[in-house]
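Single-structure report; data block below.
Chain letters run A, B, ... following the sequence lines, proteins first and then strands; every chain starts at 1.
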There are 2 protein chains.
Amino acid sequence: MSFINPAITFVLITFTNNYMAIFSKTCEYAMRAVFYVAQKSHEGQKVGIKEIAEQINSPEAFLAKILQKLSRERLIQSVKGPNGGFYFDAVSLNRPLADIVSAVDGNEIFTGCGLGLTYCSESNPCPLHDEFKKVRNQITHMLNHTTIGKFNLGLIKGKFTLNK
Amino acid sequence: MSFINPAITFVLITFTNNYMAIFSKTCEYAMRAVFYVAQKSHEGQKVGIKEIAEQINSPEAFLAKILQKLSRERLIQSVKGPNGGFYFDAVSLNRPLADIVSAVDGNEIFTGCGLGLTYCSESNPCPLHDEFKKVRNQITHMLNHTTIGKFNLGLIKGKFTLNK
DNA sequence: TTAATAAAAGACAAAAATATCTTTTATTAT
DNA sequence: ATAATAAAAGATATTTTTGTCTTTTATTAA
Ligand code: FES
Ligand code: FES
């Protein structure tokens, strides 16, 4: 017994809107995780992948892959075994968020053309170039001036959320 | 006979960078196409999908789907048959590019949280909120103040490119 | 009124991004 | 040394985005 009446069944969607954010899901998870781990590091603690994933609301195994990549690139520190987990040392806490973004999403966002042309240039610009450059510069500024550890106190005080 | 020597074969890539631009490919093609058609409309001409795809360097059949969607939403005009093609009427030429973007990529880019949280809010912000808001506002401003027909003269004069 | 033209629609295919599951390796406390 | 723990790595699966091919519908010129 089916609850769908075939007489009134019809196709709803032929062309779905793309979901489209500034950053990939991978990058969003990476940034949230990084802020969460930084906060814990500030308190002198290491954190396990399970806790991170729970606290930032991301799929655990997928996040693990992302942090593995960051770990290979020495952007985050980790130790295996009991009492192990992820953490940031003092140097890493001072790294710009831009390092995380470019490790995960590449450099398109910092240098790419807004209309998707193969390269961006001043001398042979696309129509959007002048305005798009401002956007790109602001993103670059934001990511270069935000250090991984910048929000530790705000997070500890509950001023910010990573999970909603 | 193989040209790959198994003794020196190894896996190169375990975690590829995401390609990540501000807009989806779909949206990039849409914007380029729209500027190209607008320019032709300014000169009083309709354009066929084949010419558009060639001139903006996009896959023809894929672009056709995109323009079909814009056409269904009355953002672009079209007529079938001989001497048919795509064009913009005076009203459409004055529409903001934002209409194209939201038709194709949705509204995430205008309202979404930079860290991918389910919603953005002033009272319960993510760490990036204050800075990200500026980025989002600049994108919104750019897309609202750029009309579809804005670059017609610049394109005709060869000041801008849609194909490189 | 017919043939040619060009967009619209439908079905399908490939590639990339996202997500999960299993096995291995390193570390530490007992 | 051994068992327990937790990250790293490997393999695979799902979903979304991007891209193609075929058929249908509308328009127009002859
Ligand atoms: S050429 Fe397109 S943004 Fe610079
Ligand atoms: S809450 Fe994240 S951008 Fe506003």
Side-chain angles (χ1 to χ4, degrees), chain A residues 10-21 23-30 33 37 40 45-54 56-87 104-106 108 116, chain B residues 10-21 23-30 32-33 37 45-54 56-87 104-106 108 116:
Chain A
F10 55 94
V11 176
L12 264 180
I13 291 158
T14 35
F15 191 116
T16 328
N17 270 357
N18 288 348
Y19 171 94
M20 212 40 208
F23 304 107
S24 68
K25 276 275 145 221
T26 306
C27 190
E28 290 173 350
Y29 296 151
V37 174
K40 289 288 174 173
Q45 300 168 35
K46 300 193 202 80
V47 219
I49 187 71
K50 187 169 182 172
E51 177 181 337
I52 306 171
E54 271 165 10
I56 71 163
N57 194 30
S58 76
E60 185 183 324
F62 188 54
L63 182 63
K65 289 292 172 201
I66 299 168
L67 295 190
Q68 277 167 36
K69 184 188 168 71
L70 296 180
S71 175
R72 277 194 299 272
E73 311 215 347
R74 318 271 172 202
L75 291 170
I76 197 170
Q77 283 68 55
S78 71
V79 298
K80 293 180 181 181
N83 306 320
F86 293 92
Y87 67 100
V104 159
D105 271 359
E108 199 66 24
Chain B
F10 56 93
V11 176
L12 263 183
I13 291 157
T14 37
F15 191 114
T16 326
N17 271 358
N18 288 346
Y19 172 95
M20 210 44 206
F23 304 108
S24 67
K25 275 278 144 218
T26 306
C27 190
E28 289 173 350
Y29 295 150
R32 302 215 299 263
V37 174
Q45 301 168 35
K46 300 193 203 82
V47 220
I49 187 69
K50 186 168 182 174
E51 177 182 337
I52 305 170
E54 270 165 12
I56 70 163
N57 194 31
S58 76
E60 184 182 326
F62 188 53
L63 182 62
K65 289 294 171 199
I66 300 168
L67 295 190
Q68 275 166 35
K69 183 187 168 71
L70 295 181
S71 176
R72 278 194 298 274
E73 309 214 349
R74 318 272 170 201
L75 291 169
I76 197 170
Q77 283 68 55
S78 72
V79 298
K80 294 181 181 180
N83 305 321
F86 293 92
Y87 67 100
V104 160
D105 272 358
E108 199 67 23

Whole Å only: how far is the [atom1] atom of [X] from the [atom2] atom of [N]?
{"X": "A:M20", "N": "C:dA17", "atom1": "CE", "atom2": "C1'", "result": "11 Å"}
{"X": "B:E60", "N": "D:dT18", "atom1": "CD", "atom2": "C1'", "result": "16 Å"}
{"X": "A:E28", "N": "C:dA17", "atom1": "CD", "atom2": "C1'", "result": "13 Å"}
{"X": "A:N17", "N": "D:dT17", "atom1": "CG", "atom2": "P", "result": "9 Å"}
{"X": "B:L67", "N": "D:dT18", "atom1": "CG", "atom2": "P", "result": "15 Å"}
{"X": "B:Q68", "N": "D:dT23", "atom1": "CD", "atom2": "P", "result": "17 Å"}
{"X": "A:F62", "N": "D:dA13", "atom1": "CZ", "atom2": "P", "result": "18 Å"}
{"X": "A:F86", "N": "C:dT27", "atom1": "CZ", "atom2": "C1'", "result": "14 Å"}

**Message:** Which heavy atom of B:I52 sits nearest to which heavy atom of B:F86, and what is that distance?
**Reply:**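 Shortest heavy-atom separation between B:I52 and B:F86 comes out as CD1-CD1, 4.0 Å.
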Contact under 4.0 Å: [X] side-chain N or O vs [N] OP1/OP2:
{"X": "A:S71", "N": "D:dA7", "result": "no"}
{"X": "B:T26", "N": "D:dT18", "result": "yes"}
{"X": "B:S78", "N": "C:dA8", "result": "yes"}

**Prompt:** Which residue, A:Y29 or B:V47, contacts DNA chain C at a nucleotide closer to its 5' end, judged by nearest heavy atom?
**Reply:**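 So the residue in question is B:V47.
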**Message:** Assuming nearest nucleotide by heavy-atom distance, tell me which of A:K25 and B:A64 is located more 5' along DNA chain C.
**Reply:**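 It is B:A64 whose nearest nucleotide is closer to the 5' end.
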**Message:** Any non-hydrogen side-chain atom of B:K65 less than 4.5 Å from a side-chain atom of B:K69?
**Reply:**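 Contact flag for B:K65/B:K69 side chains = no.
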**Message:** Set out, in order, the CA-CA distance, both residues' side-chain angles and the distance that settles side chain to side chain contact (heavy atoms under 4.5 Å, CB included) for A:Q45 and A:K40, then state yes or no.
**Reply:** CA-CA 5 Å; A:Q45 300 168 35; A:K40 289 288 174 173; 3.8 Å; yes
**Message:** From C-beta outward on A:K65, which listed nucleotide comes closest to its side chain: D:dC21, C:dT18, D:dA11?
**Reply:**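 Of all the options, the side chain of A:K65 is nearest to D:dA11.
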**Request:** Measure from the side-chain heavy atoms of B:P59 and tell me the nearest of D:dT18, D:dT20, C:dA8.
**Result:**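 Of the options given, the side chain of B:P59 lies nearest D:dT20.
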**Request:** Return the 5'-most residue of the pair B:D105, A:K50 with respect to DNA chain D, ranking by each residue's nearest nucleotide.
**Result:**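 It is A:K50, whose closest nucleotide lies nearer the 5' terminus.
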Expected rows: protein N/O vs nucleotides 28-30 of chain C N/O, under 3.5 Å:
unit_1	atom_1	unit_2	atom_2	d
C:dA29	OP1	A:N83	ND2	3.1

